[in-house]
Amino acid sequence: MAGSFKDRWPLLVVLCVFVALKIPHLSHPYYWDESWPYATAIKALHDHGISLMPNAIDPEISRGHPLFFHALGAAWMKVFGPSHVSMHSFALVISLLFLWLVYEAGLRLFNMRVAVMALVLVASQELFFVQSSMVLLEMLVALLGFAAMYYYVRARYVLASLCLAMLFYTKESGLIVGFVLGIDALTGLWRGREHRKDTIARILCVGIPTVLAGVFFLLNKLLHGWYIFPFYASIMERRWDVLWYRFHIGCVSDELYTSYKYIYYLLLAILATITAIRYRKWRYLSILLLVVLVFYMVNDMRTGRLMPSVPFFIVFSASWGFVVWQYAHRSVFAQMQQRRMLVLTGGLVFCFMLYSTFNYYTYRYMLLSIIPMLFIAAALFDHFAGMLHRSVYYLCFVVFGITSYVAYSTNEGFGDDDLGAYDGMDVQQHVVDVLEKGGYYDSNVGTASFVSRQHLLDPATGYLGGQRTFRTVRWDIDERTDIAVFTNIEPDGRREVIMKDPAYELMDRYEKGRVWSEIYRRRR
């Protein structure tokens, strides 16, 4: 029976290992590009007083997003303080709750094998690992989105509605989850009288949070004069060529291909093919459609050779729906809740890829759809292993381990979804430390690095040793520049000029991992 320690010891082991690996990252200053603005917004709400009203803090600080994440962070700050360890721990707790929920969903909807496989798949993703201590919205968005779908599928509509309300008040992208669940709820109107009570419960489950979200946008209009933050509204894309490129090179690739995720889905396709041949269940072969299409979509040259963009998009969309329909069958998943989770996940992933195509996009946003997709992958691995041979379970874990190892060892980036982000923090901290120890507060500092300028000018980023800031930090590097700072985090072509300029000397070079910084000083 679900609920005993015997069912959950793998969860406890993974959580303990995960926390042990994250402890060294908790004392880092805020991430060099993204986390510190959110931490600043949390601090502002903490000082103002916790509120969900759109005008509680300057929308330029909150970037116009709803304030539930900031309110949670402010409440955490009141209890545990504003230190780096405290705020990174706040983000880590959200991630640990997410891992717990993934395991619980696998255990209750399927079985312990699915729970363990889903847990390992999610926890081993470097995107999840890196983001788990970043003070950013996306982990909470993904957690609440997954929770809303899970509770909705289990007919726990009060909890699902509560999760949707929190999701809508965390970030606008969460509305896509409400859209998918709303479509499902409305289809109940054609299910007959015997399902009327359940249909009404579903519609209210989605409808009430949607009304609350509408109130937030109306308040934005009344208080600020806009429904959506003008910056985000202004960069929404409408040109088909750009949209198509974003869709297949960005969204589809990041969802199914990036960081060697294609290995998981390729293994699924191989197991599906073997099962189809052995048992003559030809519906399993439908997944090969997506394998072929995705193979072409993630490479721009291959895509153009196969077919024009509009027919390609139509074929991919139809194939996606066809595969979901084929696998949402009682011969694959016997229980209705399992099939509904598959269908809702298929709908969410496709709709979220479309949504992301039109809006400002970065890889971490895909957490909302990547985690449910990996969850369904775990359920399918279990299904095929059960039909083929017990050894397939062990094969899956071997593939998971090797894939994760290769993904981590070949990750050369240092963005907010890369392991190099932590090296980037250390390098940025070193630059500030060198300039502070040298007492260059009144010097004219030049750098093309936006984040370097912020670290030297804004104590809220957490890099300065105190409240004293540097007097002049400019983008320009000219005859007035005393100190020139370069990093490969934000490359600057002027470095080669300064290296050859006899008026400057290299004062400091620091390198950690694949990230480096150089500080040049004007000769006296």
Side-chain angles (χ1 to χ4, degrees), residues 10-35 38 84-85 87-103 106 115-146 254-264 362-375 377-378 396-397 399-426 512-515:
L11 171 64
L12 297 177
V13 170
V14 171
L15 291 183
C16 289
V17 172
F18 196 85
V19 170
L21 293 173
K22 294 299 300 184
I23 285 176
H25 303 149
L26 299 182
S27 58
H28 276 287
Y30 295 127
Y31 179 61
W32 55 266
D33 186 26
E34 289 290 347
S35 289
Y38 289 100
H84 293 139
V85 172
M87 297 314 297
H88 287 308
S89 297
F90 163 65
L92 180 59
V93 167
I94 293 173
S95 305
L96 295 177
L97 287 174
F98 201 172
L99 291 176
W100 169 80
L101 182 63
V102 166
Y103 189 88
V116 173
M117 281 195 286
L119 179 66
V120 170
L121 276 173
V122 172
S124 63
Q125 294 294 306
E126 67 264 37
L127 172 63
F128 187 91
F129 182 79
V130 174
Q131 283 289 306
S132 63
S133 57
M134 298 287 186
V135 188
L136 294 165
L137 302 172
E138 280 67 42
M139 191 65 77
L140 182 61
V141 170
L143 165 62
L144 293 173
F146 186 84
D254 285 344
E255 178 70 40
L256 303 169
Y257 197 85
T258 300
S259 298
Y260 295 91
K261 286 192 292 292
Y262 67 88
I263 298 294
Y264 305 137
T362 188
Y363 181 33
R364 72 171 188 270
Y365 292 173
M366 298 301 290
L367 271 171
L368 176 62
S369 59
I370 287 174
I371 304 306
M373 194 71 182
L374 291 173
F375 180 82
C396 290
F397 282 106
V399 172
F400 298 166
I402 293 175
T403 303
S404 296
Y405 173 78
V406 173
Y408 276 77
S409 61
T410 58
N411 188 323
E412 299 181 357
F414 32 81
D416 59 15
D417 46 46
D418 300 306
L419 294 174
Y422 302 110
D423 293 335
M425 294 178 197
D426 290 335
K512 186 168 184 183
R514 302 181 185 275
V515 190

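For this chain, numbers begin at 1 and follow the sequence in order. Heavy-atom basis, side chains included; hydrogens, waters and symmetry copies ignored.
- In plain terms, the two heavy atoms of M117 and F397 that are nearest each other are CG-CZ, 3.3 Å.
- Ring geometry for F146 versus F98: interplanar angle of 30 to 60°, hence tilted.
- The shortest side-chain heavy-atom distance between Q131 and D416 falls under the 4.5 Å cut-off.
- No donor-acceptor pair closer than 3.5 Å links the side chain of D423 to the backbone N or O of G420.
- Within the 4.5 Å cutoff, the side chain of M373 has heavy atoms near those of the L256 side chain.
- In this structure, Y264 contributes its side chain and V399 its backbone to no donor-acceptor pair below 3.5 Å.
- With 3.5 Å as the limit, one finds a donor-acceptor pair spanning the side chains of S369 and E255.
- A donor-acceptor contact shorter than 3.5 Å is absent between the side chain of Y260 and the backbone of Y408.
- Of all heavy-atom pairs between L367 and P372, the closest is O-CD, 4.2 Å.
- Ring pair H88/H84 is tilted by interplanar angle, where 30° to 60° counts as tilted.
- Not one N or O on the side chain of E138 forms a donor-acceptor pair closer than 3.5 Å with the backbone of M366.
- Annotation: side chain of F129 is in contact with side chain of L21 (closest heavy-atom distance under 4.5 Å).
- No donor-acceptor pair under 3.5 Å is formed between the side chain of T403 and the backbone N or O of F400.
- Take S132 and apply the side-chain hydrogen bond (donor to acceptor under 3.5 Å, both in side chains) test, not counting sequence neighbours, and it matches K22.
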